[in-house]
There are 2 protein chains.
Amino acid sequence: MAKGTIRLADVAKAAGVSQGTASNVFSRPDVVREEVREHVLETARRLGYAGPSLKGRLLRAGKVNAIGVAAVEPLAYFFDDPWARALLAAVSQVCDASGTGLALVSAKDRHKLDWNIKSALVDGFILLCVEGGEKLVQLTRERQLPFVALALNDEDSSIPSISVDNLGGAAVAARHLAELGHRRFGVLATEFSDDHVGPAGIAEIERAIYSTSRNRALGYWQALDAFGIRRETLPIYETINDKPSVEAGLEYLFSAPEPPTAILAMSDNIALLTINWLRARGLSVPRDVSVIGFDGVPEGGMVEPGLTTMAQPFAEIAQRAVQAVLHDSMPTEGEMIGVSLIVRGSTAAPKQ
Amino acid sequence: MAKGTIRLADVAKAAGVSQGTASNVFSRPDVVREEVREHVLETARRLGYAGPSLKGRLLRAGKVNAIGVAAVEPLAYFFDDPWARALLAAVSQVCDASGTGLALVSAKDRHKLDWNIKSALVDGFILLCVEGGEKLVQLTRERQLPFVALALNDEDSSIPSISVDNLGGAAVAARHLAELGHRRFGVLATEFSDDHVGPAGIAEIERAIYSTSRNRALGYWQALDAFGIRRETLPIYETINDKPSVEAGLEYLFSAPEPPTAILAMSDNIALLTINWLRARGLSVPRDVSVIGFDGVPEGGMVEPGLTTMAQPFAEIAQRAVQAVLHDSMPTEGEMIGVSLIVRGSTAAPKQ
DNA sequence: CTCCAGATTTGAATCGATTCAATTTATTCA
DNA sequence: TGAATAAATTGAATCGATTCAAATCTGGAG
């Protein structure tokens, strides 16, 4: 319709009021006399004015009223990965409630990511640091906007981050199984270091670059220790959280002379793959083998049997992250949130 | 760090060049002499300048370089609903490739939605009109930005929209089953009108407000007609695409004296629920009952047996939609895209 | 040594609103 | 009726960049 776009100034002139008043009509209607307000509004309507341009408003007012969620992944990651989805769903809930916009920022390619972060119109960032967190943090810092890192695999305390209690959670998971009577365990781990798959040794794990996985392993060890199970005897297989590597891990664990009666999976994704694999092999879950996951993604509650897992409080994480970014109250040091055991059908006492 | 933010003007002054030159250093580096450029850059670095503020740039340059995807749903919808997810994954792919940002805009509540749409910093919108499309289109129009409606349930040709060939696709689906030899069908429909669940009559369907469902029904009728199956004899049960209503529909269809050997589901979601229900009843798919879906969501390929379905070309839809919005080349009238039959394990010839 | 085209720089105008001190108008109260 | 006070309106400054016509600088040809 309207060719040369109508500006607030045009409306003001046409209505015979000052620009200041015209502005007030839209952004603080209460301050202008009803009569005048109606008249300006009417004029605006007649001219086809689309309302105050966000661009102009933005410049003056400063706040975009939107936050960006960033990851070193293709954009589709946000819709494909169960953990990311669960988190984003929670973040969007919070944003919804506070009338904040949500922008998705990501790219697998560093250069593009750089540009995307530089040009995202947001007031701050939530960083999904599952992978490539360092890069992400660095890029974001340059932007000089508030940000908070989630699932950061780095214990650099100068990075404002919110993470879950991986060590404590893993300990609870292991204790749960041990208390049910299990004594023969197998661990399917998420990455300890880049591009490595296969059985992982103790020394290797202790100096793993990915702290998430390392802490979960430490948690398992610590809890099992109390039941007299020494870490040297606990088989740990490192996967990359995908089907082939998980199945390779299962082959490895179940080809042992005394196969495990319980699987400690470092992610729900791994746990779910595990249950499928066991089923296909004719093993019953939890009768023959118990499985416990980690994360608490919704999918875990929708399968049969339900997945016992350590649930991250997504809502709480999202709440704090959004608050931190919006109010520029980033945690000065890493903040930690607890996880809670959700017992569903995938764990039970071992067979006699 | 830097308290009072540094502006381009500050850098220019500190470097002893004009603001114009300083601007060029950042946005058209090639035009300024290397020596000067280096000096300005160095000065900027020293001052802790974060680069040209997007806000200022935006005002002058005009383009946000981002599109908004909007729906009349809670924000979490984008991460929960399989169809929305599949579509968004495709849209993000396209955006990724063209360096365009993606903003999620939604709210179940009309007032909030209004505000969210008004205040989204985007160059245009893609509207997910599965539900409440009319409202959405109306709100978006006020914003005077390019937009394109997807899955619009309204045949108003003045609305720029991209939709799939529901009638043709449904016909192909029905023909596929008929050609396999099926003669006893049951239809599980998506909504024909608001808040109605239960068996749907012909007259009712013909004047249904949701054109998507209506056209799919018409497609089924048309194809089956060619096989001598009259529409009066085809049981159609209207669901709201959720578990309870689908199961009620199945109870209805299978309590008939001659239960169907093939189910025509108007969405993959319904089809997937159907397969689960049949399984739980001890009926084998496809041996006892064939099931065909509609949409082609990824989940359909990940279950056992795989779901036969009419696949929407998500990538193509996304491509066109993004192009249309970005280049303001909205289809002047509704544009239609074909769907294609994907045969997987859930359909087969009926038992003798 | 002068002149000129081409390469760089400059400075001011502009984008479209918001904001606030100052001014004008309306209302209240003695 | 007039002063004091409150409410509404104005106008200019401002946000932080980009843009472009005009001014200045170069180097090479004549």
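Side chains included, hydrogens not; waters and symmetry mates left out as well; all remaining heavy atoms used.
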Chemist: Under a 3.5 Å distance rule, please check whether A:S92 uses its side chain to pair with a backbone N or O of A:L88 as donor and acceptor.
Modeler: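 Present.
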Chemist: With the threshold set at under 4.0 Å for non-hydrogen atoms, list the residues of residues 49-58 of chain A touching DNA chain C in residue-number order.
Modeler: A:Y49, A:G51, A:P52, A:S53, A:G56, A:R57
Chemist: So, the side chain of B:S106 versus the backbone of B:E73: is there a donor-acceptor pair under 3.5 Å, distance only?
Modeler: yes
Chemist: Flag yes if more than 12 heavy atoms outside A:E134 fall under 6.0 Å of its CD atom; otherwise flag no.
Modeler: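 No, CD of A:E134 has 12 or fewer neighbouring heavy atoms, counting only those of other groups under 6.0 Å.
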Chemist: Rounding to an integer number of Å, can you tell me how far A:L121 CG sits from D:dG16 P?
Modeler: 15 Å
Chemist: Tell me the interatomic distance from B:K13, atom NZ, to C:dT10, atom P, rounded to whole angstroms.
Modeler: 14 Å
Chemist: Tell me whether A:Q323 at atom CD has more than 12 heavy atoms from other residues, nucleotides or ligands lying less than 6.0 Å away.
Modeler: yes
Chemist: Compute the angle between the rotation axes at the two ends of the helix from C:dC1-D:dG30 to C:dA30-D:dT1, each taken over five pairs, rounded to 10 degrees.
Modeler: 50°
Chemist: For the pair made of CD in B:Q144 and C1' in C:dG16, what is the distance, rounded to whole Å?
Modeler: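 Distance, rounded to whole Å: 15 Å.
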Chemist: Closer than 4.0 Å, any side-chain N/O of B:R7 to the OP1 or OP2 of D:dG16?
Modeler: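 Yes, within the criterion.
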Chemist: Applying side chain to side chain contact (heavy atoms under 4.5 Å, CB included) to A:V25 and A:V17, what does each step give before you reach the verdict?
Modeler: CA-CA 11 Å; A:V25 168; A:V17 300; over 6 Å; no
Chemist: If only atom types and distance count, is the side chain of B:T43 paired as donor or acceptor with the main-chain N or O of B:H39 below 3.5 Å?
Modeler: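 Judged by distance alone, yes, a pair lies under 3.5 Å.
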Chemist: In terms of side-chain geometry, is the basic nitrogen of B:K13 or B:D10 positioned less than 4.0 Å from the acidic oxygen of its partner?
Modeler: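 Answer for the salt bridge query: no.
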Chemist: Just how far, in rounded Å, is P of D:dT19 from CG of B:L8?
Modeler: 13 Å
Chemist: Could you tell me the separation between the CG atom of A:D80 and the CZ atom of A:R85, rounded to the nearest 0.5 Å?
Modeler: 7.5 Å
Chemist: Please check: side-chain N/O of B:D123 versus main-chain N/O of B:N65, any donor-acceptor pairing under 3.5 Å?
Modeler: yes
Chemist: Using atom types as modelled and distance alone, determine if a side-chain donor or acceptor of A:D96 lies under 3.5 Å from a backbone N or O of B:L75.
Modeler: yes
Chemist: For DNA chain D, which residues of residues 19-36 of chain B approach it to below 4.0 angstrom with any heavy atom?
Modeler: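 Result for residues 19-36 of chain B: B:Q19, B:G20, B:S23, B:S27, sorted by number.
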Chemist: Rounding to a whole Å, what distance do you find between A:R60:CZ and C:dG16:C1'?
Modeler: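 Rounding to the nearest Å, CZ of A:R60 and C1' of C:dG16 are 12 Å apart.
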Chemist: Nearest of D:dG16, D:dT18, C:dT10 to any side-chain atom of A:L59?
Modeler: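 The listed nucleotide nearest to A:L59's side chain is D:dG16.
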Chemist: Please determine whether a side-chain nitrogen of the Lys or Arg among B:K118 and B:D114 lies less than 4.0 Å from a carboxylate oxygen of the Asp or Glu.
Modeler: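 A salt bridge is present here (some side-chain N lies under 4.0 Å from a carboxylate O).
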